[in-house]
Colleague: 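Got a structure for you, questions after.
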Amino acid sequence: MHDIRAVRADPAAFDAALARRGIAPASAAILARDEARRTAQTAQQEKQARRNAIAKEIGMAKRQGGDTAALEAEAIALRDEMAALETTAAEAEREQTALLEVLPNTLDPEVPDGADETANVVLHQHGEIPSLAFQPKQHFELGEALGLMDFATATKIAGARFTVLKGALAQLERALGQWMLALHTEEHGYTEASVPLLVNDAVAYGTDKLPKFADDLFRTTDGRWLIPTAEVPLTGFAMDTIIPEADLPMRLTALTPCFRSEAGSAGRDTRGMLRQHQFWKVEMVTITTPEQSVEEHERMTRCAERVLTDLGLTWRRVFLCAGDTGFGAARTYDLEVWLPGQQAWREISSCSNTRDFQARRMNGRFKPKEGKGNVFLHTLNGSGVAVGRALIAVMETYQNEDGSIRIPAVLQPIMGGREKIG
RNA sequence: GGAGAGGUGCCGGAGUGGUCGAACGGGUCGGUCUCGAAAACCGAAGUACGGGCAACUGUACCGUGGGUUCGAAUCCCACCCUCUCCGCCA
């Protein structure tokens with residue numbers, strides 16, 4: 001959520017920031033509501049002050065047995081006048097909020113221009129695109145041939161965009177999640193959290209999933225939401241709180257299933273388990289100060305890269321351009337992994353600094369060591385990494401010509417020393 | 001699910017429909033005292049949104065949202081949450 005005072009202070013800059021995202025100017029409409037609200041509010045408050053004074057006078061007069069009829073009449077008149085002003089102010093504020101809450105975050109100045117992913121900038125690549133001596137298969141071909149990946153059963157019991165894993169592949173998926181979690185907690189200073197997978201409106205709104213992206217989420221019959229990422233509950237730790245600066249940065253991680261309706265992606269990535277309604281993901285979230293968030297973003301991204309490097313995967317860091325940066329993010333790095341079977345780079349992690357955009361929405365602040373007042377926090381989130389896609393990448397990268405799959409060295413201890421599947 | 005109790009400031013805890021933004025205690029910060037500290041004493045301190053160049057000032061906030069009233073922390077209604085007992089349950 002944007003700071004209305006920032007819009008007021010420099011409407012042109014606000015509209016220019018929106019233009020980078022290809023969004024029409026909005027400051028005039030917003031400021032009209034702001035002006036209307038303040039005018040009505042000021043008038044209403046003046047009447048309220050008078051009404052409060054009258055109430056006091058009546059109280060004193062009654063104690064002395066005086067006549068209060070005239071005062072009471074004035075108070076009633078005031079009440080009616082105030083009601084109209086209050087309605088005007090509330091309506092203007094509602095409209096202003098409705099306009100503001102669907103506007104994306106302001107981009108970091110360094111974010112490259114561009115309308116879509118073709119303008120993203122590859123910052124660096126780790127590892128070579130492997131040239132196999134045979135025709136590599138895609139993960140679902142490998143999985144189905146091994147009899148360990150079963151889409152038919154998943155479809156029968158749940159529907160499209162679900163997968164059943166069995167035996168060593170199920171174990172490999174579990175090992176990946178466990179191992180990533182251990183890496184972040186033991187070496188990267190993140191605190192593991194086990195969190196609710198169902199959340200309320202407030203935290204979904206605070207993490208900018210609502211109201212604009214409600215269609216992307218699954219909703220429970222009692223009005224809660226299945227989390228699309230652990231970013232939602234973890235960032236929610238900061239909601240409606242004032243954290244002492246000494247407790248920052250707060251680095252949190254969780255391994256959770258993620259649920260996405262994939263409403264807008266019908267027909268895309270329908271084969272295999274690349275795009276599912278449900279997948280496991282290790283998420284990292286940092287809650288910190290404005291001074292620390294820039295460096296924290298780099299640090300978090302390196303933590304995600306470490307996962308891919310240690311798994312022996314080929315990956316690259318991509319700086320998302322203006323048009324591809326997500327709604328809540330000021331700056332985002334995607335990590336893309338090379339899938340030999342698909343012969344393509346695919347997103348496996350996305351690390352974003354939202355600055356104070358989410359913190360404003362959820363009223364998350366900290367108390368600075370120096371100086372007065374409370375300041376909005378900065379929140380960052382990043383996948384560390386998507387487990388389902390890591391499984392795909394491992395399968396396609398470590399496949400042998402006979403369809404068997406070697407197990408990356410770091411995972412072998414958790415896989416009971418096993419070195420190969422199939 | 002049934003029955004009951006309760007939600008007040010950083011914490012504990014008062015609060016009669018009318019000078020209550022809220023007693024009192026603790027904690028915090030500043031000061032006095034001290035070689036220094038403790039104790040004691042004195043003082044300060046909430047958040048949000050307006051108005052004002054500013055000093056300052058107005059309004060709101062006692063779980064949330066409505067209502068009654070000239071006036072609500074206090075009365076009424078709904079909802080949320082916490083606790084106790086019973087039932088059920090991984």
Side-chain angles (χ1 to χ4, degrees), chain A residues 1-9 30-101 194-206 210 219-225 233 236-248 256-257 356-377:
Chain A
M1 185 75 95
H2 294 278
D3 182 1
I4 183 63
R5 274 169 294 203
V7 186
R8 235 183 262 154
I30 291 164
L31 290 178
R33 270 67 172 197
D34 180 49
E35 182 64 32
R37 188 199 106 243
R38 286 190 291 158
T39 303
Q41 182 178 330
T42 301
Q44 191 266 124
Q45 287 181 354
E46 279 164 9
K47 292 188 190 298
Q48 179 70 51
R50 173 62 187 148
R51 188 163 79 119
N52 288 348
I54 293 171
K56 264 182 193 172
E57 282 183 56
I58 292 174
M60 286 189 283
K62 283 227 162 131
R63 231 167 297 143
Q64 293 158 8
D67 177 42
T68 60
L71 286 169
E72 285 184 30
E74 185 185 352
I76 289 172
L78 275 172
R79 189 171 59 182
D80 295 341
E81 295 168 35
M82 280 167 52
L85 289 166
E86 235 177 298
T87 305
T88 304
E91 186 55 30
E93 185 165 18
R94 235 191 319 277
E95 289 176 8
Q96 179 188 307
T97 301
L99 289 168
L100 277 174
E101 69 191 2
S194 174
V195 295
L197 306 180
L198 265 48
V199 294
N200 59 28
D201 286 340
V203 76
Y205 181 89
L210 294 180
R219 186 154 207 235
T220 64
T221 52
D222 69 349
R224 284 179 246 267
W225 307 89
F237 285 19
M239 185 164 71
D240 292 322
T241 55
I242 299 169
I243 300 174
E245 185 175 350
D247 292 353
L248 301 173
T256 70
D356 65 0
F357 190 76
Q358 294 181 325
R360 283 182 184 284
R361 284 180 165 252
M362 63 172 74
N363 193 28
R365 295 170 295 168
F366 74 99
K367 193 174 280 300
K369 286 187 198 123
E370 307 290 330
K372 270 175 64 86
N374 303 315
V375 179
F376 284 112
L377 292 155

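What you see is a predicted model; the values in this text were computed from it and never measured.
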Colleague: Would a 4.5 Å heavy-atom cut-off, applied to side chains only, mark A:F376 and A:N363 as touching?
Modeller: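 A:F376 reaches A:N363 side chain to side chain.
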Colleague: Can you tell me the Watson-Crick or wobble partner of B:G30, both distances under 3.5 angstrom?
Modeller: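 Base partner found: B:C42.
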Colleague: With rounding to whole Å, what would you report as the distance between B:A45 and B:C56 at their P atoms?
Modeller: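 Nearest-Å result for B:A45 against B:C56 at atom P: 11 Å.
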Colleague: Can you check the distance between B:G27 and B:C79, where both ends of the measurement are the C1' atom (answer in whole Å)?
Modeller: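 Those two atoms are separated by 35 Å.
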Colleague: Using whole Å, report how far CD1 of A:I242 lies from P of B:C11.
Modeller: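 To the nearest whole Å, that distance equals 10 Å.
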Colleague: Using atom types as modelled and distance alone, determine if a side-chain donor or acceptor of A:R361 lies under 3.5 Å from a backbone N or O of A:E101.
Modeller: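 A pair under 3.5 Å: yes.
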Colleague: Mind calculating the distance between CG (A:N363) and C1' (B:G46) to the nearest angstrom?
Modeller: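 The answer, rounded to whole Å, is 14 Å.
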Colleague: Just so I know, are the side chains of A:D3 and A:D356 near enough to count as touching, which here means a heavy-atom distance under 4.5 Å?
Modeller: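 When only atoms from C-beta onward are counted, A:D356 and A:D3 do not touch, as no gap falls below 4.5 Å.
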Colleague: Tell me the partner of B:U19, counting only Watson-Crick (N1-N3 plus N6-O4 or O6-N4) or G-U wobble (N1-O2 and O6-N3) with both under 3.5 Å; none if nothing fits.
Modeller: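 Matched B:U19 with nothing under the 3.5 Å cut-off.
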Colleague: Has A:R224 got more than 12 heavy atoms of other residues, nucleotides or ligands less than 6.0 Å from its CZ?
Modeller: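 No, because the 6.0 Å sphere around CZ of A:R224 holds 12 heavy atoms or fewer from other groups.
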Colleague: Say you pick atom P in B:A14 and the same atom in B:U68; how far apart are they, in whole Å?
Modeller: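 Looking at atom P only, B:A14 and B:U68 are 31 Å apart.
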Colleague: Taking the C1' atom of each, how far is B:A22 from B:U8, in whole Å?
Modeller: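 These two C1' atoms come out 9 Å apart once rounded.
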Colleague: Identify the nucleotide, in any strand shown, that forms a Watson-Crick or G-U wobble pair with B:C24, with both distances under 3.5 Å; if there is none, say none.
Modeller: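 WC or wobble partner is B:G12.
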Colleague: Under 3.5 Å for both donor-acceptor distances, Watson-Crick or wobble: does B:C49 have a partner, and if so which one?
Modeller: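 Looking at the geometry, B:C49 pairs with B:G58.
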Colleague: Nucleotide by nucleotide, 5' to 3', does protein get under 4.0 Å of the base (B), only the sugar-phosphate (S), or neither (-) in nucleotides 48-69 of chain B, counting heavy atoms?
Modeller: SBSS------BBS---------
Colleague: Work out how far the C1' atom of B:C11 is from that of B:U28, and round it to whole angstrom.
Modeller: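 About 11 Å, rounded to a whole number of Å.
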Colleague: Identify, with sequence neighbours excluded, every residue that meets ring pair (Phe, Tyr, Trp, His ring centres under 6.0 Å) alongside A:F357.
Modeller: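 Here the qualifying residues are A:H2, A:F327.
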Colleague: Determine, stepwise, if the pair A:V7 / A:D34 fulfils side chain to side chain contact (heavy atoms under 4.5 Å, CB included).
Modeller: CA-CA 10 Å; A:V7 186; A:D34 180 49; over 6 Å; no
Colleague: Return the nucleotide paired to B:G6: Watson-Crick means purine N1 to pyrimidine N3 with N6-O4 or O6-N4, wobble means G-U with N1-O2 and O6-N3, both under 3.5 Å.
Modeller: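 The answer is B:C81, by the H-bond criterion.
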Colleague: Answer yes or no: is there a donor N or O on one side and an acceptor on the other, between the side chain of A:N200 and the main chain of A:V203, under 3.5 Å?
Modeller: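 Between the backbone of A:V203 and the side chain of A:N200 there is a qualifying donor-acceptor contact (under 3.5 Å).
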Colleague: Show the distances under 3.5 angstrom between N or O atoms of the protein and N or O atoms of nucleotides 17-21 of chain B.
Modeller:
| unit_1 | atom_1 | unit_2 | atom_2 | d |
| --- | --- | --- | --- | --- |
| B:G18 | O2' | A:R63 | NH2 | 3.4 |
| B:G18 | N2 | A:A55 | O | 2.8 |

Colleague: With rounding to the closest Å, how many angstrom separate the P atoms on B:G67 and B:A73?
Modeller: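 It comes out at 15 Å once rounded to the nearest Å.
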Colleague: Both distances below 3.5 Å, Watson-Crick or wobble geometry, any strand: find the nucleotide opposite B:A90.
Modeller: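 Base-paired to nothing in any strand shown.
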Colleague: Expressed in whole Å, how much space separates the P atoms belonging to B:G4 and B:A78?
Modeller: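 Taking atom P in both B:G4 and B:A78, they lie 14 Å apart.
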Colleague: State, to 0.1 Å, how close A:L210 and A:Y205 come at their nearest heavy-atom pair, and which atoms those are.
Modeller: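 What the structure gives for the nearest pair is O-CD1, 3.5 Å.
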Colleague: State, with a plain yes or no, whether a side-chain heavy atom of A:E57 is found less than 4.5 Å away from one of A:E74.
Modeller: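 No, every pair of side-chain atoms sits at 4.5 Å or beyond.
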Colleague: When you compare B:U32 with B:U16, how far apart are their C1' atoms, in angstrom units rounded to a whole number?
Modeller: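 Pairwise C1' distance, B:U32 against B:U16, rounds to 40 Å.
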Colleague: Assess the residue pair A:E95 and A:R37 against the criterion (side chain to side chain contact (heavy atoms under 4.5 Å, CB included)); give the C-alpha distance rounded to whole Å, side-chain angles, the decisive distance to 0.1 Å, and a yes or no.
Modeller: CA-CA 10 Å; A:E95 289 176 8; A:R37 188 199 106 243; over 6 Å; no
